[in-house]
Amino acid sequence: MDAINSTIVSTRLRLARNLKDLPFPHKLAEMPARQIIDKVEKTLAPVDRFTRYDMSDISSLDGTILQEKHLISPDLLEDSPFGAVLISADENVSVMINEEDHIREQVILSGFSLDQAYDRVNRIDDILSKNIEFAFDRRFGYLTSCATNLGTGMRASVMMFLPALTIENMIDGCITAVGRLNMTVRGVYGEGSKADGYLYQVSNQRTLGVKETDIIDSVKSAINHIVDAELRARQLLKRDEAELKDKICRAYGIATNAYKLSTGEAMQYLAMIRLGAYYGYFDISDISELTTLVTACQPASMQRLGGSNMSVDERDVLRAKYVATTLNNICKKKV
């Protein structure tokens, strides 16, 4: 497994936009809010086969699954009574409507794909801007509900797998260093969340006074620095390789033989197996399937697989079976 695939999980590009002459969503009445949803849906209909989900109608389970897949934010699900989302057929594009801003266009791609993600989200933005007049100021750029998004309204985010920096207690120093580059580091589900499974989101802080291409270049530079730091830390982990192999092989043994697995346990063991693949202890036929497995192990996704009436214990039993079956199909132990 090469350095990039072993440290970078996915890329996300997000654009925040608001309609001219309308209050921001938290001050918006129901009628104009519904009209925005209809207008965005109609405008994007020729682009892709989007599925619409209105937050007022969606079930708690379905909403949580979309959140686990990073297709919607917690704020849209919990605090946006007139909110909605349009999701493309391949689930790489989601357009949240009436969250913090009127429109949040988002593209998520696997791997280190900043340029490709920007191209796709930019095409969507061009189509929307031809039919919808955005709130724009010649001095400040795109106007947004939160001042931190003013300007381009763009967040470029990369999901990174950083086990060695975490285990070696070097992650705080790394976060401080990238902070000096106007980057921010958050947990797997954004601000305030934990870095479960050693997963971190790295994104730009600055959106005002810079071009979109400048943001992408600065994020690329920061990511390359973090990748180098993680790889150096992985060399440090091998100081006692026998101990390292034992921890990783124990994780594999439990993950493939446990009767019950909690969400946290599954993410921890799968993280160690991913790390083991980097060291050559395992041969993983499809790393993207291992990434998908992490999402599939989340509570709501498991609940959907096994039935909405499952207890927590029943869900943990199903998760253990699901993890073991998937690993046996894609992972081969080499040590």
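Hydrogens, waters and symmetry mates play no part in the numbers below; they use all other heavy atoms, side chains included.
Taking 4.5 Å as the limit, every side-chain heavy atom of T263 sits out of range of all side-chain heavy atoms of D196. Between V185 and I175 there is a side-chain heavy-atom pair separated by less than 4.5 Å. Using a 4.5 Å cut-off on side-chain heavy atoms (C-beta onward), V227 and F112 make no contact. C297 places none of its side-chain heavy atoms less than 4.5 Å from the side chain of M267. In this structure the side chain of Y200 reaches within 4.5 angstrom of the side chain of I171, judged on heavy atoms. At a threshold of 4.5 Å between non-hydrogen side-chain atoms, the residues H225 and V178 do not count as touching. Residues L244 and R239 fail the side-chain proximity criterion, which asks for heavy atoms closer than 4.5 Å. A 4.5 Å side-chain heavy-atom check between L77 and Y53 finds every atom pair outside the cut-off.
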Between L275 and L237, does the side chain to side chain contact (heavy atoms under 4.5 Å, CB included) criterion hold? Intermediate values first, please. CA-CA 11 Å; L275 181 61; L237 275 181; 4.2 Å; yes
CA sep, side-chain torsions, deciding dist, call: V93, L86, side chain to side chain contact (heavy atoms under 4.5 Å, CB included): CA-CA 8 Å; V93 179; L86 303 174; over 6 Å; no
One pair to check against side chain to side chain contact (heavy atoms under 4.5 Å, CB included): F82 and M31. What are the steps and the verdict? CA-CA 9 Å; F82 312 131; M31 183 62 71; over 6 Å; no
Apply side chain to side chain contact (heavy atoms under 4.5 Å, CB included) to residues M170 and R232 and explain how you reach the verdict. CA-CA 11 Å; M170 299 166 66; R232 290 195 298 271; over 6 Å; no
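Both M183 and Y118 are part of a single hydrophobic cluster, where members link through side-chain heavy atoms under 4.5 Å apart. Linking ILVMFWY residues whenever their side-chain heavy atoms come closer than 4.5 Å, directly or via other members, places Y252 and L261 in the same cluster. The cluster map of Ile, Leu, Val, Met, Phe, Trp and Tyr, joined by side-chain heavy atoms under 4.5 Å apart, puts I226 and L114 in the same cluster. No continuous path of ILVMFWY side-chain contacts below 4.5 Å connects I215 to F140, so the two sit in separate hydrophobic clusters. No continuous path of hydrophobic side-chain contacts links I103 to M96 [ILVMFWY only; heavy atoms under 4.5 Å].
Summarising the geometry of Y142 relative to F136, their closest heavy-atom pair is N-CD1, 3.6 Å, with the distance given to 0.1 Å. In terms of heavy atoms, L15 sits closest to T152 at CD2-O, 4.4 Å. When all heavy atoms of R155 and R206 are compared, the pair lying nearest together is NH1-N, 4.4 Å. Listed here is the closest heavy atom pair of E68 and A300: OE2-N, 2.8 Å. In plain terms, the two heavy atoms of A117 and L109 that are nearest each other are N-CD1, 3.6 Å. Of all heavy-atom pairs spanning P23 and H102, the tightest one is O-NE2, 2.6 Å.
One side chain, R234 or S6, offers a donor N or O that lies under 3.5 Å from an acceptor on the other. Using modelled atom types, one finds no donor on one side chain facing an acceptor on the other under 3.5 Å when comparing D313 with S311. Inspection of the E230 and T7 side chains reveals no N or O donor paired with an N or O acceptor under 3.5 Å.
Rounded to the nearest 0.5 angstrom, I287 CD1 and T292 OG1 are separated by 10.0 Å. Distance check: S301 OG to L61 CG gives 8.5 Å after rounding to the nearest 0.5 Å. With rounding to the nearest 0.5 angstrom, the SG atom of C331 is 7.5 Å from the CG atom of L290. Atoms CD and OG1, from E78 and T64 in turn, are 8.0 Å apart once rounded to the nearest 0.5 Å. Considering CG of L162 and CG of L231, their distance stands at 10.0 Å, rounded to 0.5 Å. Y259 contributes atom OH, which lies 6.0 Å from atom NZ of K321 (distance to the nearest 0.5 angstrom).
Q303 places a side-chain N or O within donor-acceptor distance of the main-chain N or O of M310, the cut-off being under 3.5 Å. N98 contributes a side-chain N or O that, together with a main-chain N or O of A33, makes up a donor-acceptor pair within less than 3.5 Å. In terms of modelled atom types and a separation under 3.5 Å, the side chain of Q298 and the main chain of V294 share a donor-acceptor contact. Side-chain atoms of S80 come within 3.5 Å of backbone atoms of D75 as a donor-acceptor pair (strictly under, hydrogens ignored). Between the side chain of T325 and the backbone N or O of Y322 there is no donor-acceptor pair closer than 3.5 Å. D246 places no side-chain N or O within donor-acceptor distance of the main-chain N or O of A242, the cut-off being under 3.5 Å. Formation of a donor-acceptor pair under 3.5 Å by the N18 side chain with backbone atoms of L143 is found in this model. N92 places a side-chain N or O within 3.5 Å of a backbone atom of I108 that can act as its donor or acceptor partner. In this structure, the side chain of D54 does not engage the main chain of S56 through any donor-acceptor pair within 3.5 Å. Panel note: side chain Q106, backbone H70; a donor-acceptor pair is recorded below 3.5 Å.
When each of D38, I87, D57 is checked for a side-chain contact (heavy atoms from CB on, under 4.5 Å) with R52, only D38 meets the rule.
Partners of F161 by ring pair (Phe, Tyr, Trp, His ring centres under 6.0 Å), not counting sequence neighbours: none found. In terms of the ring pair (Phe, Tyr, Trp, His ring centres under 6.0 Å) criterion, F50 has no residue partners (sequence neighbours excluded).
Counting heavy-atom neighbours within 6.0 Å of K247 NZ, excluding the residue itself, gives a total of 12 or less. For K238, the NZ atom sits in a packed shell: over 12 heavy atoms of surrounding residues, nucleotides or ligands are nearer than 6.0 Å.
Between R319 and D316 there is a salt bridge, since a side-chain N of the basic residue sits under 4.0 Å from a carboxylate O of the acidic one.
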